[in-house]
Amino acid sequence: MYYVMIVSALYFVIMMLSFRNIWNISRRAAYSAYNTLSGSELVPSVSLLVPAYNEELTITENVRCLMTLNYPNYEVIVINDGSSDDTLDVLLKEYELEAIPNPEIRGRLDTQRIRGVYHNPQYPHLYVIDKENGGKADSLNAGINLSRYPLISSIDADSLLEKDALIRMARMYMENPEETVAIGGDVRIANGCIIENGAVKEVSLPRKIWPMFQSIEYLKAFLGGRIGWSHINGLIIVSGAFGMFRKDYVIAVGGYRGGYPGEDMNIIIKLHRYMLKNKIPYRVAFCPEAVCWTQAPDSYHILSNQRKRWGRGNLKNMIENRDMLFNPRYKVMGWLTMPYNVIFEALNPYFRITGLLALLGYVLMDMTNWHVLLVFGLVNFLGGYLLSIGALLLEEMAFRRYNKLSDLVKMLLFSALKFVGYHQLGVLWRVQGHIQYLQNNNTWGTMTRQSWKEKSKTA
């Protein structure tokens, strides 16, 4: 009970920090002169890195989207990570790409063997790397080695950026380029949206139950959580689906760590560690108005694989970086972010399971009565529900991507329903992920994709 009270209080503190900053974010989103920057030579050039493994159904729409962003100077580097499907062939045919005889590899990060680099002068900003399979982190490192520009942006191959997402993120970077080492974007669920020509034409909530639950989760995590954490420079993760980084610092920390899931959290922890250890002023920021739309798993099997993978990655990162806990050298990361993630994220399932079993035991042994169990359950539910409502309020106050009244009602309903079964499944998946970690299971898990047109019709 004390654990639930403490974790709920911390959630509310982070949520209040998000509310404290939402007015500035709202004004920035509404009145920022980002459109004038889209043609400015002062905007820093960016290399967009797109790791792709078996993405033949989504890669064309993804690249089409990235080739039409409102941004003055950037390149798109797709890294085919030894796909067993036709991902490479689809790209070669769509853009009539030809192999570059002697490609210039600028970086020195270790990667799996590069089999070829492809380009077509008619699409001067598009490059495709074909390499042996090495995982997402390895693919990102290969992209960094080929990239030409000082900023890099990692984007999932099943994701679509809003046309002004990158320029909004660049504007935030330009406010403080010396100290900004990473910026995270807002990730939203595209299932149910109408997709045309690589862009979200009509925003709508998913029709299927699993993506709908994830929509509520993402709103709470990104708007209710990451805005607050970034305010105190305690952000521990920039989503692998969409983030921007200073390339020199990513290289300085050795690039992305391969060999296990959780590379997006690992790179941010390494950046925090490097900057604090070397006493370099820095910030890891979050830009909620820069929006990336992604496909969410729409089946139990695929979703459970994803959450187990997240559980493995989180636990491994916490164990490998345990020396940062309560270490004064690491400031907010050492005193707050890392302890929070260990106690209230990694260990959360065990506190909840043992707490529930203890309450049930008290009732069965007549040490308390069912009224206490009922009150505890209601308090737990109301605390979580209020946090979800808080995230919806942040959405309505600043962004209003969902304009239908029916969508708002649906979000309120699913915010309550997720505590009846879905929340408990999340606990189970995290425990299973920890078991897989102990078994040294580093597999990525099956992630079946649908084409964007098919997803628009059915999801």
Side-chain angles (χ1 to χ4, degrees), residues 32-52 58-80 91 94-95 97 100 103-107 117-129 139-175 177 180-187 197-200 238-251 256 285 287 289-294:
S32 172
Y34 66 88
N35 283 326
T36 62
L37 293 175
S38 60
S40 173
E41 295 180 357
L42 299 177
V43 178
S45 301
V46 182
S47 298
L48 307 183
L49 311 181
V50 188
T58 62
I59 194 63
T60 301
E61 290 290 333
N62 175 273
V63 173
R64 184 178 294 126
C65 167
L66 296 179
M67 295 285 283
T68 56
L69 297 177
N70 297 329
Y71 203 86
N73 190 31
Y74 66 98
E75 63 182 355
V76 178
I77 302 175
V78 181
I79 307 99
N80 178 51
L91 287 169
E94 179 71 19
Y95 294 99
L97 303 172
I100 300 176
E104 183 181 358
I105 306 298
R106 300 168 182 84
V117 178
Y118 298 85
H119 183 62
N120 181 348
Q122 294 183 10
Y123 303 96
H125 306 302
L126 175 63
Y127 296 86
V128 173
I129 299 173
S139 296
L140 289 168
N141 288 338
I144 291 171
N145 286 341
L146 184 70
S147 64
R148 294 179 290 168
Y149 298 137
L151 295 180
I152 58 172
S153 180
S154 60
I155 300 167
D156 279 352
D158 64 340
S159 301
L160 301 174
L161 296 188
E162 292 188 351
K163 299 303 180 184
D164 59 359
L166 199 62
I167 199 69
R168 288 180 182 271
M169 194 173 278
R171 181 194 177 280
M172 176 174 281
Y173 170 79
M174 292 171 68
E175 292 174 356
T180 304
V181 297
I183 305 175
D186 186 19
V187 180
N197 298 320
V200 176
V238 165
S239 175
F242 181 36
M244 179 184 286
F245 304 83
R246 272 186 56 168
K247 185 169 72 172
D248 55 348
Y249 283 123
V250 171
I251 292 174
Y256 285 84
C287 185
E289 62 266 38
V291 176
C292 166
W293 295 88
T294 188

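Hydrogens, waters and symmetry mates are skipped; everything else that's a heavy atom, side chains included, is used.
For the salt bridge (charged side-chain N to carboxylate O under 4.0 Å, His left out) condition, the pairs that include at least one residue of residues 64-76, sequence neighbours left out, are Glu61-Arg64, Arg64-Glu94, Glu75-Arg148.
Residues Ile59 and Ala52 come closest through the heavy atom pair CD1-CB, 4.2 Å. In this structure, Asp156 and Gly240 approach most closely via the heavy-atom pair OD1-O, 3.3 Å. Scanning all heavy atoms of the two residues, the minimum distance from Val238 to Gly184 falls at CG1-CA, 3.6 Å. Across every non-hydrogen atom of Gly143 and Ile77, the tightest pair is O-CD1, 3.8 Å. Annotation for Leu160 and Gly198: closest pair CD2-O, 4.0 Å, computed over non-hydrogen atoms. The two residues Ile152 and Ser147 make their nearest non-hydrogen contact at CG2-OG, 4.2 Å.
Checked by atom type, the side-chain pair Lys247/Ser47 shows no donor-acceptor distance below 3.5 Å.
Side chains of Glu41 and Pro72 form no contact here, defined as non-hydrogen atoms less than 4.5 Å apart. You'll find the side chain of Ile105 reaches within 4.5 Å of the side chain of Leu146, heavy atoms only. Looking only at side-chain heavy atoms (C-beta outward), Lys163 and Thr68 come within less than 4.5 Å of each other.
Classification of the Tyr127-His119 ring pair by plane angle, with boundaries at 30° and 60°, yields parallel.
The main-chain N or O of Ala157 is found under 3.5 Å from a side-chain atom of Thr58 such that the two form a donor-acceptor pair. A donor-acceptor pair under 3.5 Å links the side-chain atoms of Asn120 to the main chain of Gln122, judged by distance alone. In this structure, Tyr173 contributes its side chain and Met244 its backbone to no donor-acceptor pair below 3.5 Å. Side chain of Asn62 to main chain of Ser159: a donor-acceptor pair is present (N/O by atom type, distance under 3.5 Å, no hydrogens or angles).
In this structure, CE in Met174 is found 7.5 Å from CD1 in Ile167, a value given to the nearest 0.5 Å. Note that CH2 of Trp293 is 12.5 Å distant from CG of Leu161, once rounded to the nearest 0.5 Å. To the nearest 0.5 angstrom, Met169 atom CE is 11.5 Å from Thr180 atom OG1. A distance of 7.5 Å separates OH in Tyr256 from CG in Leu49, rounded to the nearest 0.5 Å. Atom CD1 of Ile100 sits about 10.5 Å away from atom OH of Tyr118, to the nearest 0.5 Å.
In terms of the side-chain contact (heavy atoms from CB on, under 4.5 Å) criterion, residue partners of Ala170 (sequence neighbours excluded) are, by chain and number, Val43, Tyr71. The side-chain contact (heavy atoms from CB on, under 4.5 Å) search around Ser153 returns Val46, Leu48, Ile155, Leu166, Phe242, not counting sequence neighbours. Scanning for side-chain contact (heavy atoms from CB on, under 4.5 Å) contacts around Leu126 gives Val63, Met67, Val76, Val78, Tyr95, Leu97, Tyr123, with sequence neighbours left out. Under the side-chain contact (heavy atoms from CB on, under 4.5 Å) criterion, Asn73 pairs with Ser45, His125, Tyr149, not counting sequence neighbours. Checked against side chain to side chain donor-acceptor pair (under 3.5 Å), Asp186 has the following partners two or more places apart in sequence or in another chain: Arg188. Residues that satisfy the side chain to side chain donor-acceptor pair (under 3.5 Å) test with Ser239, not counting sequence neighbours, are absent from this structure. Glu104 is linked by a salt bridge (charged side-chain N to carboxylate O under 4.0 Å, His left out) to Arg106, counting only residues two or more places apart in sequence or in another chain.
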Show the numbers, then the answer: is there a side-chain contact (heavy atoms from CB on, under 4.5 Å) between Leu66 and Val50? CA-CA 10 Å; Leu66 296 179; Val50 188; 3.5 Å; yes
